[in-house]
Protein chains: 2
Amino acid sequence: MAKLASLKAQTRLLDRRAADQIRTHILDGILPAGQRLLETKLSADLEVSRGTVRSALAQLANEGLVKQVAFTRWEVSGASVSDAWEIYTLRGALEGLGARLAAGNIDEAAGKALRAIAEDLGKAVRRGRYQEAIGFDFDLHTAIVEMARHQRLADQHRYILQQVRFHMVQSGFLPEDYDALMAEHTRLIETVLAGDADNAEKLARSHNDAEVKLLAKRLKEGDGATPAASPKRVRARA
Amino acid sequence: MAKLASLKAQTRLLDRRAADQIRTHILDGILPAGQRLLETKLSADLEVSRGTVRSALAQLANEGLVKQVAFTRWEVSGASVSDAWEIYTLRGALEGLGARLAAGNIDEAAGKALRAIAEDLGKAVRRGRYQEAIGFDFDLHTAIVEMARHQRLADQHRYILQQVRFHMVQSGFLPEDYDALMAEHTRLIETVLAGDADNAEKLARSHNDAEVKLLAKRLKEGDGATPAASPKRVRARA
DNA sequence: GTATTGCTGATTGCTGACAATCCGGCAAGG
DNA sequence: CCTTGCCGGATTGTCAGCAATCAGCAATAC
């Protein structure tokens with residue numbers, strides 16, 4: 001008998017799917033930072049009840065994409081400089097642990113998968129498809145973290161990468177030197193696959209060091225609390 | 001003008017308070033691992049509607065204390081060996097980052113606060129009040145992490161410490177050598193307050209190493225997936 | 001006797017309506 | 001001109017009930 005696929009995936013709960021929709025809109029930049037979210041409007045747009053929307057928003061709040069002000073409003077989180085600094089430093093710690101553990105779990109299949117993604121990334125860069133490249137970049141780091149076989153770490157990492165993407169969209173930040181980036185990735189992969197835990201961790205951690213240092217500097221200079229966007233007195237009817 | 005406290009804290013939303021109640025029961029061991037949670041019963045006990053209970057349970061699920069099986073049941077999470085390993089490794093990474101950052105933020109007040117907690121901890125140990133001592137232990141680590149001034153880190157750390165406590169309750173685990181523990185803490189504090197980021201991180205990270213190694217060994221030997229408790233066919237009326 | 005199938009009670013998922021709360025503007029008073 | 005108090009509208013928080021789904025039992029077939 002042919003193996004049938006589980007239907008569970010199709011029957012995702014309504015509130016999860018609602019959260020997926022809203023999340024996608026936020027991560028694609030359609031809903032900008034500070035944008036107010038009305039339960040009734042979302043409810044009408046998504047054609048679900050307000051309670052379901054509420055559950056979805058609570059989920060997104062846990063992921064850090066949305067903020068709740070009790071009795072008053074929901075809004076898309078703003079990624080201030082200090083937020084960005086938090087995100088990148090935390091990412092470093094998580095990916096450091098991930099790389100360390102991954103180096104202890106090397107196996108044939110995982111190694112091939114890693115190199116395959118790196119290959120895709122290289123191709124995308126050479127063809128100037130930078131948007132795709134960023135996607136493969138994320139895939140690569142995710143793959144390494146998953147090699148750690150650490151559910152909680154994988155979950156946290158997913159959330160953090162989501163916020164990284166969110167911040168990139170909001171700030172318009174893009175990598176500059178793709179060649180250096182590729183070299184770093186290659187070195188990281190090979191170190192992991194060599195089973196060198198200590199150095200794998202170091203490399204994974206220093207991957208963001210440039211950003212972190214820049215952000216820390218900007219934090220010290222200016223007001224780190226200033227949101228990227230501060231839409232005041234916007235009376236959107238939408 | 002004297003600084004006034006926010007009133008927000010008083011008007012805690014009903015679902016948050018419901019979550020607080022349930023959380024306390026879980027962390028105190030009143031609700032054991034694998035215990036099924038019925039929305040209707042909780043609703044009746046807490047005298048709130050089922051929707052509110054639902055929201056509370058969702059919150060606890062995000063914290064990892066409760067598991068949801070769609071359309072079927074909610075239950076208190078079981079802390080298997082692999083769960084414990086995940087919790088302690090993640091704790092190490094988070095507290096490592098916390099200690100590193102804290103070492104860059106030393107100030108008079110924070111130093112005093114840290115030493116005060118260490119003092120309380122010492123007293124509790126000398127008086128044989130081990131339950132209290134564990135509380136101060138947690139306070140100490142929390143205080144260090146808060147010195148990092150990193151909101152996301154603090155939040156994640158709170159969740160992880162919660163799970164550590166959860167695991168300790170479930171497995172009956174208690175520290176053994178309190179003198180060594182005290183020494184480790186003292187060394188960690190002084191290293192942080194000396195501003196020695198590298199070593200502060202190392203110490204914070206190695207604080208759990210013994211547990212992690214033991215758990216990793218047990219994981220390799222046996223079945224790490226086995227829950228601590230597996231209550232099957234319990235037809236509790238409760 | 002064992003495996004399969006249909007049913008039933010129990011439980012969770014979702015919805016619409018009601019209650020509590022807050023924000024913005026306006027007028028009165030200093 | 002600024003502050004203070006109040007009110008209306010809008011928005012979120014909570015509740016009770018209907019619909020969808022599942023685990024387990026009983027009946028049937030072999």
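Letters go in sequence order (proteins before strands), and every chain restarts at 1.
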Which value, rounded to the nearest 0.5 Å, describes the distance between B:E146 atom CD and B:D139 atom CG? 9.5 Å

Taking atom CG of B:L219 and atom NZ of B:K213, what is their separation to the nearest 0.5 Å? 15.5 Å

Atom-to-atom span, CD of A:E75 to C1' of D:dT12 - whole angstrom: 14 Å

Say whether, by atom type as modelled, one donor and one acceptor occur between the side chain of A:T52 and the main chain of A:V48 under 3.5 angstrom. no

Could you give the CG-to-P distance, from B:D15 to D:dT12, as a whole number of Å? 15 Å

Is there a residue in residues 43-52 of chain B whose heavy atoms reach under 4.0 Å of DNA chain C, and which residues are they? B:R50

Whole Å only: how far is the CG atom of A:L14 from the P atom of D:dT21? 11 Å

Roughly how far apart are A:F136 CZ and A:T142 OG1, rounded to 0.5 Å? 12.5 Å

Please enumerate all protein N or O atoms sitting under 3.5 Å from an N or O of nucleotides 5-11 of chain C, with distances to 0.1 Å.
unit_1: C:dT11; atom_1: O3'; unit_2: B:R36; atom_2: NH2; d: 3.4

Can you classify the ring geometry of B:H150 versus A:W85 as parallel (below 30°), tilted (30 to 60°) or perpendicular (above 60°)? tilted

Side chain to side chain donor-acceptor pair (under 3.5 Å), paired with B:H207, selected from B:E95, B:R91, B:H141: B:H141

Point-to-point distance, once rounded to the nearest 0.5 Å, from CD of B:E63 to CG of B:D155: 10.5 Å

Polar contact flag, side-chain donor to acceptor under 3.5 angstrom, B:D83-B:S80: yes

